[in-house]
Amino acid sequence: MTSPKDITLELRGSIAIVRLNRAAKRNALSDGLILSVRDTFQNLPDTVRAAVLAGDGDHFCAGLDLSELKERDAGAGLHHSRMWHEALERVQYGPVPVVAALHGAVVGGGLELASACHIRVADESAFYALPEGSRGIFVGGGGAVRIPRLIGAARMADMMLTGRVYNAQEGERVGFAQYLVPAGQAFDKALELAERIAQNAPLTNYALMHALPRIAEQPADQGFFTEALMAAIAQSAPEAKERVRAFLEGRANKVSKG
Ligand code: 1HE
């Protein structure tokens, strides 16, 4: 049973905090919950500039709600997978960048969901797996497209064929997460990054979400041309002019080693 409270949206200034709130079932994604993910990202208020996606309890997400897995004919299976695609597209190509805060299990459809986010921050408790292989099914939430882009098709095939589980350190090394932090700190780090992202010019964030992944898929010649168009649009915004002027007049931060 999924309830509307299984996902929560909290606004902290310009940051939306979306939380899977079904810890008793390890945030397993029922049909109702995956539709709520879609609706939540589709309907973020205009004031939101970046989002954090987290899971309540000891795990980020245990993937597809297996209790709902029933005999589906091919057509129903197709539509079910396409429903996931639509929901996760709203995460990846929604209005704002999304930072996933990962801990505990990030498995199956949970890993597919995390892969649709723009940045992944994992704590030391995180682990990654694709148990679909041993359950006799296949990924259906966009994982076959997004996961090879993070870790390569060979590693994904290994995970599904052998049930290999990557721990947090391995996951960061192979490319699941861009940040690895001590246990319990993924949310705070994700929020810090979201606040930083929210300060960017909205058009720059838009370009990184919508233009960059498309350019990365284009042949080089087309990619260079699309890049030039996006660069021209971004630099023409008044905000870009003001930000560059601020640097030249000594009013903006320098790049520092941190
Ligand atoms: C669930 C699910 C679930 C837990 N669907 N109910 N995903 C999987 O194959 C992963 C299955 N889950 C696990 O391996 C483990 O539950 C965890 C490693 C995530 C967590 O272990 P643990 O010991 O903390 O919890 P638990 O005791 O296993 O589970 C607690 C409850 O959550 C229990 O229910 P209860 O009523 O007995 O308390 C579990 O049945 C329930 N639960 N995970 C339904 N996934 C778009 S296609 C995507 C395809 C997939 O994602 S396939 C991979 C599915």
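Each ligand, and each atom within it, is numbered from 1 in the order the structure gives.
Looking from atom 20 (C) of ligand 1 to the surrounding protein, the closest heavy atom is H59 NE2, 3.6 Å. Of the protein's non-hydrogen atoms, R26 CZ, 3.4 Å is the one closest to atom 30 (C) of ligand 1. Closest to atom 52 (S) of ligand 1, if we only count protein heavy atoms, is E132 CG, 3.5 Å. The protein heavy atom nearest to atom 14 (O) of ligand 1 is R135 NH2, 4.2 Å. Residue, atom and distance of the protein heavy atom nearest to atom 53 (C) of ligand 1 are P131 CG, 3.8 Å. Counting protein heavy atoms only, atom 37 (O) of ligand 1 is closest to K25 NZ, 4.7 Å.
In this structure, atom 25 (O) of ligand 1 is in close contact with the protein, since a protein heavy atom lies within 4.0 Å of it. Proximity of atom 39 (C) of ligand 1 to the protein is not indicated, since no non-hydrogen protein atom lies closer than 4.0 angstrom. Put simply, atom 48 (C) of ligand 1 has protein non-hydrogen atoms near it, under 4.0 Å away. When distances from atom 17 (C) of ligand 1 to the protein are checked, no heavy atom turns up under 4.0 Å. Within the 4.0 angstrom cut-off, atom 33 (C) of ligand 1 has no protein heavy-atom neighbours.
Polar contact check, L64 against ligand 1: a nitrogen or oxygen pair lies under 3.5 Å apart. An N or O contact shorter than 3.5 Å links G109 to ligand 1 by distance. When only interatomic distances are considered, the shortest N/O to N/O separation between W84 and ligand 1 does not fall below 3.5 Å. At under 3.5 Å, a nitrogen or oxygen of L66, whether backbone or side chain, sits near a nitrogen or oxygen of ligand 1. For the pair S67 and ligand 1, the shortest N or O to N or O distance does not fall below 3.5 Å.
Using a 4.0 Å cut-off between heavy atoms, A62 contacts ligand 1 through both its backbone and its side chain. No part of S81 comes within 4.0 Å of ligand 1, judged by heavy-atom distances. Contact annotation for I137 and ligand 1: only side-chain heavy atoms (C-beta onward) come within less than 4.0 Å of the ligand.
Residue contacts with ligand 1 include A24, since one or more of its heavy atoms lies under 4.0 Å from the ligand. Residue contact annotation: D65 has a non-hydrogen atom under 4.0 Å from ligand 1. Ligand 1 does not have H80 within reach: every non-hydrogen atom of the residue lies 4.0 Å or more from it.
A 4.5 Å side-chain heavy-atom check between Q169 and E124 finds at least one atom pair inside the cut-off. F176 has its side chain within reach of I151: a pair of non-hydrogen atoms, C-beta onward, lies under 4.5 Å apart. Using a 4.5 Å heavy-atom threshold, the side chains of L113 and L20 count as touching.
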### Query
Should D188 and E192 be marked as a side-chain contact (heavy atoms from CB on, under 4.5 Å) after you check the CA-CA gap, both sets of side-chain angles, and the distance that decides it?
CA-CA 6 Å; D188 287 350; E192 177 194 320; over 6 Å; no
### Test side chain to side chain donor-acceptor pair (under 3.5 Å) applied to R82 and H79, step by step
CA-CA 5 Å; R82 295 299 286 158; H79 292 307; over 6 Å; no
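In the vicinity of E112, heavy-atom distances shorter than 4.0 Å reach the ligand 1 atoms 46 (C), 47 (S), 48 (C). Close contacts between ligand 1 and G63 involve ligand atoms 51 (O) [criterion: under 4.0 Å to a heavy atom]. Each of the following atoms of ligand 1 lies closer than 4.0 Å to a heavy atom of A105: 19 (C). Distances below 4.0 Å separate heavy atoms of G141 from the following atoms of ligand 1: 46 (C).
In this structure, L208 CG and H118 NE2 are separated by 9.0 Å, a value rounded to the nearest 0.5 Å. Note that the CD1 atom of I197 and the CE atom of M209 stand 10.0 Å from one another [nearest 0.5 Å]. Atom CG of L66 and atom CD of E68 lie 10.0 Å apart (nearest 0.5 Å). Separation of atoms CD (E217) and CD (Q222) is listed at 12.0 Å; rounding is to 0.5 Å. The CG atom of L111 sits 5.5 Å away from the CE atom of M159 when rounded to the nearest 0.5 Å. Atoms CG and CD1, on L88 and I34 in that order, are 5.5 Å from each other to the nearest 0.5 Å.
In this pair, Y93 and H210 present their aromatic rings tilted. The plane angle is within the 30 to 60° band.
Taking each heavy atom of G109 and L29 in turn, the nearest pair found is O-CD1, 4.0 Å. Residues V52 and A101 come closest through the heavy atom pair CG1-CB, 4.5 Å.
Comment: D6 does not engage K25 in a salt bridge, judged by the lack of any side-chain N to carboxylate O separation of less than 4.0 angstrom.
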